Amino acid sequence: MIILFYIAAIVAVISTLCVILQSNIVHALIYLILSLLAVAVIFYVLGAPFAAMLEAIVYAGAIMVLFLFVIMMLNLGKISTDQERSWMKSSGWVAPGIMAAILLAQLLNVLGDYEYDLVPVEVGVMEVSTLLFGPYVLAVELASILLLAGLVSAYHLAKK
Amino acid sequence: MTFEVGSILNIGAILAVVIGVAAMLIWVERRLLSLWQDRLGPNRVGWFGLMQVVADMVKIFNKEDWVPPFSDRFVFVLAPAIIMTVILLSFGVIPFAPGVGIADSNVGVLFVLAMASLGAYSVMLGGLSSDNKYALLGSLRAAAQMVSYEVFMGISMLGVVALTGSFDLREIVLAQADGWYVIPQFVGFVIFLIAGVAESHRLPFDIPEADQEIVAGYHTEYSGMKFGMFFVGEYLGLVLVSSLITVLFFGGWMGPGFLPPVIWFAAKAFVFICFFILLRAAIPRPRYDQLMSYGWLFLLPLSLINLLVTAFIILSSQ
Amino acid sequence: MQTIPIEHGLILASILFSLGLIGVLTRRNVIFVLMSLEVMLNATGLAFIVASSRWGHAEGQVMFLVILTLAAAEVAIGLGLIIQMYRRHQTVDISVLSEMKG
Amino acid sequence: MLTLIKDTLISQVVTLWKVFLHTFAKADTVEYPDEQPHMFSRWRGRIILSRDPDGEERCVACNLCAVACPVDCIALQKAEDDAGRWCPEFFRINFSRCIMCGFCEEACPTNAIQLTPDFEMAEYERQDMVWEKENLLINGTGKYHDYNFYRVSGMKIHGKDKGEGLNEAPPVDVRSLLP
């Protein structure tokens, strides 16, 4: 199990790196799906099978399909790939890279001395649902209102 | 090496049987369709034309495996591999009989749904990378259809899950020892049947590949074994949906004791495979907008009402 | 059962978060920006799951679900905006939006 | 709502049942190479050139069939024999162009060219689909057993007027038919 965690972590990092370095948008999307699936494997290893499956169903299965659908609708072909490549040549990488590196260093610094070995215990669907419809029922309601708002506004925005 | 859930022998046997059955369905479907159309069907090669499968295989392996120069090569090659992988992975959580199965996951139902939602990528990426207008139209249709019908598929399964109290498919089968779920969950069964046909995009819901309108839809540009993988993937999806209906609504391997459980499972699944072929022979293809409005305006409320009533009955009987 | 040091999970989450941040800051294609945002949200969810695994509780998964719905709503609106933007400017270059003309 | 249920459910189930009943119906297929299909004598298949009851060629090289042919698959050249009667020097049908429409048969004044119920004309070489006169000519009368053009209308040849040749009937005197 523990080796699975590290394999999935390496896959996730490399494929995410491919996402932000890729100029072809469809390839980038496939790498992003791979990254999300790797994270789902990590969730499973960490004892959250429900979250892992939701990650695969909702994130990789539904949200990314929306992306792909929009890419198809906009018909971003070879021209946009070339354009993307020309945009990526610019030196705009330096400052954001440094900023992100500083952030990462800070986080690593904070997390480095936090040592605790976690033993993955499976937290099943039942516990999560008991919490969801118990103390966190307000969160569920808010999430549903948020989704409704998203639905209405997406319909309004994408309408001709 | 014993024959129990998850052993190498078990995995190998299930893989071989599933792929073999999917290949044989090429022959079964053609014979059954011709039976219902008052024809004879393939009966030349071997006994009753049984070797037609081998002949088709030889033909498809010998065909030129052509990748169009205008296509996106990486995605084009990836797409047919996705559908085979995803559907074969889904078989991993199906309990075929006591002791026969690859894994008993306690999120089995969700795993099947996750794999079904990933299967949409195969169709979409295949059509998108072909750089062909018919393929693109097919994959646009497929995207909308598969994402929509996945919703009803999930909700119709939830009635069964609520009755059992578990996402584990083996427990769902075991909970049907007293009575099959098709009786209390008949509406859920019908919705699951319709959504299953739409999800494996077979006739009458083969709108992504509607031959009369958009040539062959998303696999217009495919040839050789890549096309073969789409083809076998469709039959694998058929076997998967039939097995799922058997597991969820018809008591899986349960049956009178004079036959071994695996045989009962196979018999039930085969009845549903034949039923899907009958659907193909009998019912014409609906229009695209009819399909979508039928799903969202009829199936979605119906499945939600079904879930609500089931939950109400369960809670009030506690 | 072998154990996983918790900081490894959190470090992975922070690496993914930083990568997403670089993507958001550098890319000019608005779809790539949205995708990088997804990476960042996903990294946050990973951190929540690691934390819930640390305590053996389900609260982290609840928070992950909330993040998931947030991401779904955000993507729906974001893609709607992208379609609207493409209709008006025929481009996915995010820098055209900075030119505010009345 | 009721019509929706009727349209979406009942009619589909009825359709399924009706198609399912075809399980017990007999197949209509004729397994062709093992079992020859029954061909009707007026089937328009392979073209032949027939002979009259005396064993002479019926064709008089009038070119009407070639004119009537919509795909121009018939080619022939007129020749005269010693007696001065017309006959084809060559007669050629390109069966890879022929559409078996039967117009040539309708156009023929002497019933020489006829269509037969034979349809098995596959060849490996495209050139083999071009049939010459010796391939087309049969030793029989085809569909019209008693018909002999020269007995009905005749033809003036060297030294002999119409109706004076061997086996020829004298031409009909049109005036004698009047009342």
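The model shown is predicted, which means the values in this text are computed figures rather than measured ones. Just so we're on the same page: letters track the sequence lines, and every chain starts at 1. Below, all heavy atoms of this structure are taken into account, side chains as well, without hydrogens, waters or symmetry copies.
Using a distance-only test at 3.5 Å, with no hydrogens or angles considered, a donor-acceptor pair links the side chain of B:S166 to the main chain of B:D168. At distances below 3.5 Å, at least one donor-acceptor pair connects side-chain atoms of B:S243 with backbone N or O atoms of B:V239. Judged purely by atom type and a 3.5 angstrom limit, A:S15 has no side-chain atom pairing as donor or acceptor with the backbone of A:L32.
A donor-acceptor pair shorter than 3.5 Å can be found between the side chains of B:Y181 and B:T164. Under the 3.5 Å distance criterion, with hydrogens and angles disregarded, a donor-acceptor pair is assigned to the side chains of B:Q185 and B:N306.
The ring-ring contact (aromatic ring centres under 6.0 Å, His included) test with B:Y222 is passed by exactly one of B:F230, B:W66, B:F227: B:F230.
Heavy-atom distances place the side chain of A:L37, and not its backbone, under 4.5 Å from chain B. Heavy atoms of B:F111 lying under 4.5 Å from chain A belong to its backbone as well as its side chain. In this structure, chain B has heavy atoms under 4.5 Å from both the backbone and the side chain of A:M64. Only the side chain of A:I33 comes within less than 4.5 Å of a heavy atom in chain B; its backbone stays farther off. When heavy atoms are compared at a cutoff of 4.5 Å, B:D72 approaches chain A solely by way of its side chain, counted from C-beta outward. Only the side chain of A:V26 comes within contact range of chain B, with at least one heavy atom under 4.5 Å from a heavy atom of that chain.
Under a 4.0 Å N-O distance rule, the pair B:R287/B:D289 qualifies as a salt bridge.
Below 30°, between 30° and 60°, or above 60°: for B:F298 and B:Y294 the angle between ring planes is below 30°, a parallel geometry.
Of all residues in residues 136-150 of chain B, those placing a non-hydrogen atom less than 4.5 angstrom from a non-hydrogen atom of chain A are B:L136, B:S139, B:L140, B:A143, B:A144, B:V147, B:E150.
In this structure, B:L300 and B:I155 have side chains that are in contact, with non-hydrogen atoms separated by less than 4.5 Å.
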